[in-house]
Amino acid sequence: MPDRHLLSAPSVLAAHVVAPLRGVAQSPLLPILPLALAELGVRELSGNNDGPRVETYLAAVGLKKGQPWCAAFVSWVYQQAGYPKPRTGWSPALFPASQLVKKSKPGVVFGIYYPELKRIGHCGFVVSLTPNWLLTVEGNTNGGGSRDGDGVYRKRRHVKAVHAYADWRTKTDD
């Protein structure tokens, strides 16, 4: 099944996202995902990396409207949860060696590598996973999974599409 937009009504969202997270209630990361998921449905005003909510994400990392904002979204969510880091609008900066983890789990940040850029060019949060697929929440994407989209979406991505995972919940010395 290809990546697809999974925007849901709150009651459907609760059934499919909150219920599976009950098993990780002891995790200090639990505040991250509800904050990120609460942003589902945010859309750019004119399709040019703008609009009140998008500009709030960008401002959280010192960027002005018009800039790509997937990493700013990730940083804003951490800021709202009270974490001191990360604070960047540059997606590669979310993956320093000190924060990398080998295995994915809910709340971890994922990064997708783009050969034409020669770097990670898109990121978001892992919501849940199976052996081959990740369910994610990410900003500056669209129904097709673009890295230059128009809003905050839930996506289904194959694990082979992911280049790196970073966990900012416990390691913040970088």
Side-chain angles (χ1 to χ4, degrees), residues 1-25 27-61 63 65-83 86-89 91 94 104-112 120-130 133-159 161-162 165-169:
M1 180 179 260
D3 293 346
R4 63 179 187 185
H5 170 79
L6 297 170
L7 184 59
S8 302
S11 61
V12 174
L13 180 64
H16 294 287
V17 175
V18 177
L21 292 176
R22 287 190 182 123
V24 294
S27 170
L29 184 214
L30 194 56
I32 297 292
L33 290 177
L35 287 165
L37 290 165
E39 300 300 300
L40 285 170
V42 168
R43 296 293 181 268
E44 295 176 359
L45 185 63
S46 69
N48 294 307
N49 296 332
D50 62 352
R53 202 66 173 164
V54 171
E55 291 168 41
T56 297
Y57 308 145
L58 289 166
V61 296
L63 295 175
K65 76 177 180 176
Q67 300 297 309
W69 53 275
C70 62
F73 172 72
V74 168
S75 293
W76 178 87
V77 169
Y78 273 99
Q79 182 178 8
Q80 297 307 301
Y83 288 85
R87 293 291 187 274
T88 185
S91 55
L94 290 171
S104 178
K105 58 185 170 181
V108 167
V109 179
F110 72 90
I112 298 175
I120 289 175
H122 185 68
C123 59
F125 292 102
V126 173
V127 174
S128 63
L129 58 152
T130 67
W133 296 95
L134 300 174
L135 186 61
T136 68
V137 61
E138 49 199 86
N140 203 22
T141 193
N142 60 21
S146 169
R147 68 179 191 86
D148 186 21
D150 65 355
V152 178
Y153 291 79
R154 283 184 65 183
K155 302 298 304 164
R156 185 172 181 252
R157 295 194 181 269
H158 199 278
V159 295
V162 175
Y165 298 103
D167 189 344
W168 287 87
R169 296 171 297 165

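- Geometrically, Arg43 engages Tyr153 in a cation-pi contact defined by less than 6.0 Å to the ring centre and at most 45° from the axis.
- Each of Val42, Leu37, Thr141 was evaluated against Val152; a single residue qualifies, Val42, per the side chain to side chain contact (heavy atoms under 4.5 Å, CB included) test.
- When all heavy atoms of Cys70 and Gly139 are compared, the pair lying nearest together is CB-O, 3.3 Å.
- Side-chain contact between Tyr78 and Val109: present, with at least one pair of heavy atoms (C-beta onward) separated by less than 4.5 Å.
- Rounded to the nearest 0.5 Å, atoms CZ (Arg154) and CG (Leu135) are 4.0 Å apart.
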(request) Show your working on side-chain contact (heavy atoms from CB on, under 4.5 Å) between Asp148 and Asn49 and close with a plain yes or no. (result) CA-CA 9 Å; Asp148 186 21; Asn49 296 332; 4.0 Å; yes
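- Between Leu45 and Gly51, the shortest heavy-atom contact is CB-CA, 3.7 Å.
- Taken to the nearest 0.5 Å, the OH atom of Tyr83 stands 5.0 Å off from the CD1 atom of Ile32.
- Annotation: side chain of Phe73 is not in contact with side chain of Glu138 (no heavy-atom distance under 4.5 Å).
- Contact check for Lys105 versus Asp167: side-chain heavy atoms found under the 4.5 Å cut-off.
- Looking at Val77, Val127, Val74 one by one, the single match for side chain to side chain contact (heavy atoms under 4.5 Å, CB included) with Val137 turns out to be Val127.
- At a threshold of 4.5 Å between non-hydrogen side-chain atoms, the residues Leu134 and Ser104 count as touching.
- In this structure, CD in Gln80 is found 9.5 Å from OH in Tyr57, a value given to the nearest 0.5 Å.
- Residues Glu55 and Asp50 are in side-chain contact: their nearest non-hydrogen atoms beyond the backbone lie under 4.5 Å apart.
- Listed for the Arg157 side chain is a donor-acceptor partner under 3.5 Å among the backbone atoms of Gly145.
- Counting only heavy atoms from C-beta outward, the side chains of Thr136 and Lys155 approach each other to under 4.5 Å.
- Taken to the nearest 0.5 Å, the CG atom of Leu94 stands 8.5 Å off from the CD1 atom of Ile120.
- Nearest heavy-atom pair across Pro106 and Leu129 is CD-CD2, 3.9 Å.
- Side chain of Ser91 to main chain of Cys123: no donor-acceptor pair is present (N/O by atom type, distance under 3.5 Å, no hydrogens or angles).
- In this structure, a donor-acceptor pair under 3.5 Å is present between the side chains of Trp69 and Glu44.
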(request) Go through the steps to decide whether Arg169 and Val108 satisfy the test side-chain contact (heavy atoms from CB on, under 4.5 Å), and finish with yes or no. (result) CA-CA 8 Å; Arg169 296 171 297 165; Val108 167; 4.2 Å; yes
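- Looking at heavy atoms from C-beta onward, Asn140 lies out of side-chain contact with Val54 at the 4.5 angstrom threshold.
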